[in-house]
2 protein chains.
Amino acid sequence: MSVRASRHATLLEVAREADASKTSVSRYFGGERERLSPALRQRIGEAARRLGYRPNQIARGLKGGRSRLLGMLVADIRNPYSIAVMHGVEQACREHGYSLLVANTDNDPAQERTHLALLASYRVEGLVVNVAGSPTRELQDMADQGLPLVLLDRWLAEVEADVVGLDNPLAIDMAVDHLRRQGYRNLLFLSEPLGQASPRQQRWQRFEQRLADEPTLYGERRAPPLGGEAVEDVVRDFLARTGRSAALLCANGNVTLAATRALQALGVPLGEVGLLGIDELDWCGLVPPGISTLAQPTEAIGRAAVQHLLARLDDATQPPRRTLYPARLNARGSTRLEGLNDNKEWQ
Amino acid sequence: MSVRASRHATLLEVAREADASKTSVSRYFGGERERLSPALRQRIGEAARRLGYRPNQIARGLKGGRSRLLGMLVADIRNPYSIAVMHGVEQACREHGYSLLVANTDNDPAQERTHLALLASYRVEGLVVNVAGSPTRELQDMADQGLPLVLLDRWLAEVEADVVGLDNPLAIDMAVDHLRRQGYRNLLFLSEPLGQASPRQQRWQRFEQRLADEPTLYGERRAPPLGGEAVEDVVRDFLARTGRSAALLCANGNVTLAATRALQALGVPLGEVGLLGIDELDWCGLVPPGISTLAQPTEAIGRAAVQHLLARLDDATQPPRRTLYPARLNARGSTRLEGLNDNKEWQ
DNA sequence: TTGTATGCGTTATCAG
DNA sequence: CTGATAACGCATACAA
């Protein structure tokens, strides 16, 4: 017994109620009220109010090809980074009169393909993509069809699209420089398994390069699975071999979480063993003596993504642009070797 | 020089390419392939593939009134609770062939009204609403028009809609019982300012009732602003007057964060002063000796919301339902008075 | 099994 | 300034 209801007033009904033509009503709501005589304008306004009329965006989209929808494909919606960026995207959308259709792939390439098709079927006018796998063909097809695309954080070399994200080499430089300045000489770079994710690869490689450039710096790189004991084992082993003045550099928020757990399990005080993470998290100031981080300007990244989309919507012939932001250092107790307990202010 | 492109193949083009009629192509994609002869079926399949055809959901929605879109209005998208619920909503949507249109109000009643109108204009078939203010009229109007509605977490007495959320009185009972069992006798209930939010009011009131019911229990309620020093002042004052066996009960995740900061600033070890928060957060296991929480079954709540929507979509005449879930207790060190340091396993 | 004709709510193109 | 009328891409009675 399906009772599909949701009766909405239509343009035609308003026109009848106001004793006007569809065209005039369309003009009224299409931002051309100036072209209507004051009398007509008022009649339409009142009729619409009486009927509770709201233009049907679906119908609008069909006619003009303008859905007023932007799409965002997120690899992991539970990642605080994604959320923060999404907040920026959403704000920028609103400011420009667009709505946001969000799809989450949970890092599953199959779902990624499905959702990409889905977003396309809703005729989104632009797409912010945080790829999970390598949907190169699908994305290139969409780009070829003229759909503005911006790759967020992770990029695919084969796809011609704008890229917005963090300046990863610079971030690694900032991290290494900070740790050295603080007196740490043995660095362990911890990453999630690299896979296809370009930021992980970039950070991983840059760290290697720094090692090669500076003989006085000792370092190792590891990418253990985050579940289970692997991280703890890796850290224990590293500390056993290098002794004092060792520090951990965590390639992202998830790693920072795992590394913090590992250090706590090992009973090692933060700071005595350095800990610096890429990505700022709510709780980094709360775990004594505070965890140092490199924060990404997530809000700005999200807004930039939308701006790129709009620019390309305005002129599809632009060459692909790449906008990279520097990270911001939040130095806290976890990268302070000395005077560990002389200060309660971890924030 | 606007270069609006995005040429998509249409049903008609596929029909021509396959030398078939629009109807047949429509059937092919409308899930009636069985009704087509194998030959036709294959011709259409190939033609569609060649042209890269994808059905236009916009057009589909216009014709059948089925946009296949569900809407979700979130009060604060940066709140981990909202995200977790949203994840559940999104999954359930996908499983049932719907997409999710998300709107964030940033707790601004004005934006709330705007976004409600917006979602309506996209003809979402159902709406999950986490209200910020009291858009009673708007919501009731939408409900009257036959739009399935479910209120998430916060509810409005005046609106006839399904409600999905936490069993708040039960949660407070669990919290109080746990704290007493652990030996805490002086309880401070900390909330954000109550405002219109029904969960805050329910928790606040239930705590009062427990106080009234049990003369041997001492307690106070406070709702200081979360920014600045207010929380710290309130806590310091309470501890000064009650001395030992005092515990803080935090009404939500934000309060837990603020209370943790306050206790750290005051130099009070967690556990010695109890701390129990409603809402589970990533870092609760990381702050020594672990912060006890009452976790909400966020995933289930999100899925339930969608199920309610679908049920009502199927039969609009159902009376409003209310589905409340019990919280789950994560007991950690922050509610352990004795043997504070005998165990490193905080998780 | 297949095709024809009509309409969904809106905007755009023309005339008046 | 105002109004007919034709698309937009698709689904669906209805007909063959």
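Letters A, B, ... are given to chains in the order of the sequence lines, protein chains preceding strands, and every chain is numbered from 1.
Counting only residues at least two apart or on different chains, the salt bridge (charged side-chain N to carboxylate O under 4.0 Å, His left out) pairs with a member in residues 27-43 of chain A are A:Glu32-A:Arg35. For residues 52-64 of chain B, there are no side-chain hydrogen bond (donor to acceptor under 3.5 Å, both in side chains) pairs, not counting sequence neighbours.
Taking atom CZ of residue B:Arg66 and atom C1' of nucleotide D:dT12, one finds them 15 Å apart after rounding to whole Å. Counting to the nearest Å, the P atom of C:dT1 and the CZ atom of B:Arg33 are 16 Å from each other. Distance B:Arg60 CZ to D:dG9 C1': 11 Å, rounded to the nearest Å. Straight-line distance from the CG atom of B:Asp19 to the P atom of C:dT1: 19 Å, rounded to whole Å. Atom C1' of nucleotide D:dC8 and atom NZ of A:Lys63 are separated by 5 Å, given to the nearest angstrom. Rounding to whole angstrom units, CD of residue A:Glu13 and C1' of C:dT10 are separated by 14 Å. Spacing between atom CG of A:Leu11 and atom P of C:dC8 amounts to 13 Å, rounded to whole angstrom units. In this structure, B:Lys22 places its NZ atom 11 Å from C1' of D:dA7, rounding to the nearest Å.
As judged by a 4.0 angstrom heavy-atom cut-off over every strand, A:Ser26 is placed among the base-contacting residues. In this structure, A:Thr10 reaches the sugar-phosphate backbone alone: every heavy-atom distance under 4.0 Å involves primed, P, OP1 or OP2 atoms, never a base. Base contact: A:Arg35 has a heavy atom under 4.0 Å from a base atom.
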Give the table of side-chain donor-acceptor pairs shorter than 3.5 Å for residues 9-17 of chain A, with sequence neighbours excluded, one pair per line with atom names and distance.
unit_1  : atom_1 : unit_2  : atom_2 : d
A:Thr10 : OG1    : A:Leu12 : N      : 3.2
A:Thr10 : OG1    : A:Glu13 : N      : 3.2
A:Glu13 : OE1    : A:Thr10 : N      : 2.8
A:Glu13 : OE2    : A:Arg7  : NH2    : 2.8
A:Glu17 : OE2    : A:Arg50 : NE     : 2.8
A:Glu17 : OE2    : A:Arg50 : NH2    : 3.2

Name each donor-acceptor pair under 3.5 Å that joins a side chain in residues 73-80 of chain A to protein atoms two or more places apart or in another chain, with its distance.
unit_1  : atom_1 : unit_2  : atom_2 : d
A:Asp76 : OD1    : A:Arg78 : N      : 2.9
A:Asn79 : OD1    : A:Tyr81 : N      : 2.7

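Partners of A:Tyr325 according to the ring-ring contact (aromatic ring centres under 6.0 Å, His included) rule, which considers only residues two or more places apart in sequence or in another chain, do not exist here.
Here the nucleotide nearest the side chain of B:Leu36, chosen from C:dT11, C:dT2, D:dT2, is C:dT2. When distances are taken from the side chain of B:Thr23 to each of C:dG9, D:dA4, D:dA13, the shortest belongs to D:dA13. The listed nucleotides are C:dT10, D:dT2, C:dT2; the one nearest the side chain of A:Arg27 is D:dT2. Looking at the side chain of B:Ser24, the nearest of the listed nucleotides C:dT11, C:dG3, C:dG9 is C:dG3.
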### Query
A:Arg312 and A:Asp162: salt bridge (Lys or Arg N to Asp or Glu O under 4.0 Å), yes or no, with the steps?
CA-CA 9 Å; A:Arg312 192 163 290 277; A:Asp162 290 345; 2.9 Å; yes

#### Entry: salt bridge (Lys or Arg N to Asp or Glu O under 4.0 Å) between B:Arg137 and B:Glu158, intermediate numbers included
CA-CA 9 Å; B:Arg137 244 257 298 290; B:Glu158 304 86 353; over 6 Å; no

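Residue order along DNA chain D, read from the 5' end via each residue's closest nucleotide, puts B:Leu62 first among B:Glu32 and B:Leu62.
Heavy-atom distances under 4.0 Å link DNA chain C to B:Leu40 of residues 38-59 of chain B, given in residue order.
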